[in-house]
Each structure stands twice: as C-alpha cells, then as structure tokens.
Q: 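Pasting a structure here, questions to come.
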Amino acid sequence: MAVVVAAMEREARTAGAFVTVSSTMGAVERQLETVRVLRSLRPRALVLTSSRFMANALGGRLLKELGSYEREGGRVVIVGETDMTFDAIGFDDFAAGRSAGAFVAETGHRRVAIFGGARELRNMGSRTAGFMDGLRAGGLDERDIRVVYCEVSRQGGFEAARRLAGEGMSGTDAVLAVNDTVAIGAMSGFRAAGLAVPEDVSVTGIDDIPLAGDVTPRLTTVALPLAQAGVEAIRFALGNAGAGRRLTLEGRLIVRESTRPRK
C-alpha cells in the first residue's frame, strides 16, 4: 500500500490536489467510521484501498455511506476486489500466482510449499489458487504441494520457514509465498535454520516491493503494477465520472537469484 499511496500523492500533486491518508488495517467497522469522519471534511474524492470491499459488509452500511457521499457530489474509487458499483482498480492475483507456480514447475522443482497467508484474505486465496494451478500445469502431483497458512508478514514467513525446516523439509525444494514480505521472512527463517537460498530451497514472492531487489539473494517475484494502480485511482477520482468502470492490472515475472533450476 505504501507504493500505491506514494503514486497517488505524486499524481494528485500534478492536479493541484492533496492526499490525506488514514489507515484502517482492513477492519470494516473502522473503514465505515473513517468514511463518516472524512465525509464531514467534504473531500473531493475518497479512494479506498483493501483486499476486498463487499456491498453486504456491515449489513450494507458501508455501501450506503459511500452512496450518500457520491450523491452529495463526491467521487468514490476502490483499489481492490469489490462487487460495489463504484469505479474500481484491481490486480489479477490468480494470474500472478499461476505465473509463479508455472515458473517453479518449469525449472524442475518437484516438491513445493506454499506459504499461503490467512484463509479469509481473498486476494491471498486467489494467489494461492494460482500457485496450485501453475504447479499442476507444470506436472506436479497435488500430493507434492503443501499449503502452509501463516500470518501475512515478515514474521509469519520467518516462522513458517523455521517450522518447515524443523520438520526436515521432506524433500521440499521450493517455497511460493503470497507476497514479498512473507518471502523475505521465509528466506531469513531458512537462513536461521542453516539452509541456503537458493542452494537448498528456492523462494519466490509476489508484488516486487522495493526491498525485493535489495535483499540477498535478490528475490524472484511477480511484479504487480502497484504505482500504476495509484496513478489510475487518482485519475478516476479527479477525472470525468464513469459508470462503475473496472480496470484489472496484470503482473509480470521477474527472475532473480532466490530461485535456482533443479535438474
């Protein structure tokens, strides 16, 4: 989100607008409270960023609040998955996961662990499903694919890697992490357990956050156009009103040193 918001601020500045940021940590009640507070300040537009916004959330109260704001002349743009009728920008998380899974299979890895994040996070679930699809398409048997649910954080990845290493790896030669933060934590966890990346186990993430190119080894990942999402969100918000426009952005695989082909 930091990359998305930074791009929003740059784009808004070119239009003479200012961006005020409020963090809700994905909590729907907090999102509703924040929208109510911000409405009282009469901003030109509201851009909501989260993994998922659904019309039935809180019995429809969030949708009702946003609808009232638009009827008063405001604009609503959502960055994330939604079934609401506002302008929305999202990422093809399934395709991103599939790209990573297919790459890992094509490079000879035959026993893979997926560090999948919390089950209730829809975007992480889509990435996990994509990983599975890409691995199966590359010839892996489902019995050789293990999904490990962990906190979506560096610590979550670290602990998942330590647990896997402590269990003896069972031939696991690659880890697919639902995002770069989890992947970077996993690399640290393997290192702490005495395993080398990529010599003993390859690690791949999704997002291409700035740190992905700075860690050692540099992280193979699927780069999502996060900055583009921020720019397009502001263009939607400050441009001519649309009728529930939808923009889905695609990722691209970036191969770095955290993965190594297996013979």
Side-chain angles (χ1 to χ4, degrees), residues 51 93-94 96-209 211-222 253-263:
S51 62
D93 289 300
F94 181 87
R98 194 183 193 286
S99 175
F103 167 73
V104 165
E106 289 165 5
T107 48
H109 299 85
R110 284 297 172 263
R111 289 185 67 84
V112 179
I114 296 171
F115 288 3
R119 298 172 189 264
E120 65 272 14
L121 296 176
R122 184 68 174 268
N123 60 335
M124 300 303 167
S126 294
R127 294 179 185 189
T128 296
F131 287 151
M132 295 286 289
D133 193 63
L135 291 169
R136 287 193 297 258
L140 267 74
D141 191 293
E142 197 156 332
R143 293 172 298 180
D144 295 322
I145 306 170
R146 176 182 178 185
V147 180
V148 178
Y149 291 99
C150 64
E151 181 180 286
V152 183
S153 66
R154 182 190 178 281
Q155 188 63 28
F158 181 89
E159 292 173 355
R162 287 292 299 269
R163 286 196 303 272
L164 187 61
E167 294 168 3
M169 298 295 286
S170 300
T172 299
D173 55 15
V175 164
L176 287 163
V178 288
N179 69 12
D180 291 347
T181 303
V182 173
I184 290 167
M187 290 198 294
S188 296
F190 286 130
R191 189 179 304 115
L195 297 175
V197 176
E199 291 81 1
D200 297 316
V201 57
S202 293
V203 177
T204 302
I206 293 179
D207 282 339
D208 196 31
I209 61 174
L211 188 58
D214 294 331
V215 292
T216 303
R218 297 188 307 154
L219 181 65
T220 293
T221 187
V222 178
L253 180 70
I254 297 180
V255 179
R256 298 190 180 110
E257 293 81 25
S258 69
T259 54
R260 172 174 292 185
R262 301 300 192 249
K263 295 182 180 179

Q: Are the side chains of Asp173 and Val201 in touch, meaning some heavy atoms are under 4.5 Å apart?
A: no
Q: Which heavy atom of Pro198 sits nearest a heavy atom of Pro217, and at what distance?
A: CD-CG, 4.5 Å
Q: Mind checking whether Val178 and Thr128 have side chains closer than 4.5 Å, heavy atoms only?
A: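 A side-chain contact exists here, since the closest heavy-atom pair is under 4.5 Å.
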Q: Show your working on side chain to side chain contact (heavy atoms under 4.5 Å, CB included) between Leu219 and Val203 and close with a plain yes or no.
A: CA-CA 7 Å; Leu219 181 65; Val203 177; 4.1 Å; yes
Q: If you compare all heavy atoms of Ala113 against all heavy atoms of Thr172, which two are closest, and at what distance to 0.1 Å?
A: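 Reported closest heavy-atom pair: N-CG2, 3.9 Å.
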Q: Take Phe103 and Val222, measure what side chain to side chain contact (heavy atoms under 4.5 Å, CB included) needs, and give me the verdict at the end.
A: CA-CA 10 Å; Phe103 167 73; Val222 178; over 6 Å; no
Q: Measuring only between side-chain heavy atoms, which start at C-beta, is Arg110 closer than 4.5 Å to Asp144?
A: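 A side-chain contact is absent here, since even the closest heavy-atom pair is not under 4.5 Å.
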Q: Set out, in order, the CA-CA distance, both residues' side-chain angles and the distance that settles side chain to side chain contact (heavy atoms under 4.5 Å, CB included) for Leu135 and Glu142, then state yes or no.
A: CA-CA 8 Å; Leu135 291 169; Glu142 197 156 332; over 6 Å; no
Q: With side chain to side chain contact (heavy atoms under 4.5 Å, CB included) as the test, pick out the partner of Thr204 among Thr107, Val104, Val255.
A: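 The passing option is Val104.
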Q: Using side-chain heavy atoms (C-beta onward) and a distance below 4.5 Å, is Met187 in contact with Ser258?
A: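 With C-beta onward as the side chain, the pair touches.
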Q: Is Ser202 reaching over with its side chain to a backbone N or O of Arg260, donor-acceptor style, under 3.5 angstrom?
A: yes
Q: Are Val197 and Arg191 side-chain neighbours, meaning at least one heavy-atom pair lies under 4.5 Å?
A: no
Q: Can you pull out every side-chain hydrogen bond (donor to acceptor under 3.5 Å, both in side chains) where at least one residue sits in residues 178-189? Sequence neighbours excluded, please.
A: Arg154-Ser188, Asp180-Thr221
Q: Taking all atoms of both residues into account, what is the closest heavy-atom pair of Gly171 and Arg111, and its distance?
A: O-CB, 3.4 Å
Q: Could you pull out every donor-acceptor pair under 3.5 Å between side chains of residues 158-165 and any protein atom, sequence neighbours left out?
A:
residue: Glu159; atom: OE2; partner: Gln155; partner atom: NE2; Å: 3.0

Q: Flag the pair Asp208 and Arg256 as a salt bridge only when some basic side-chain nitrogen lies within less than 4.0 angstrom of an acidic carboxylate oxygen.
A: yes
Q: Can you name the closest pair of heavy atoms from Leu253 and Ser99 and give their distance?
A: CB-OG, 3.7 Å
Q: May I ask you to test the Leu195-Met169 pair for a side-chain heavy-atom distance under 4.5 Å?
A: yes
Q: Do the side chains of Asp207 and Arg127 get close enough for a salt bridge, i.e. N-O under 4.0 angstrom?
A: yes
Q: What's the shortest heavy-atom distance between His109 and Pro261, and which atoms?
A: CE1-CA, 4.4 Å
Q: Find out whether Met132 and Ile114 are in side-chain contact, i.e. whether some heavy atom of one side chain is under 4.5 Å from a heavy atom of the other.
A: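 Yes; the side chains approach each other to less than 4.5 Å.
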Q: Report the C-alpha separation of Phe131 and Ile145 in whole Å, then their side-chain angles, then the decisive distance to 0.1 Å, and conclude whether the side chain to side chain contact (heavy atoms under 4.5 Å, CB included) test is met.
A: CA-CA 10 Å; Phe131 287 151; Ile145 306 170; over 6 Å; no
Q: For Cys150 and Gly156, work out which heavy atoms get closest and say how close.
A: CB-O, 3.7 Å
Q: If we only count heavy atoms from C-beta on, is the Phe115 to Met124 side-chain gap below 4.5 Å?
A: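 Sidechains of Met124 and Phe115: no contact.
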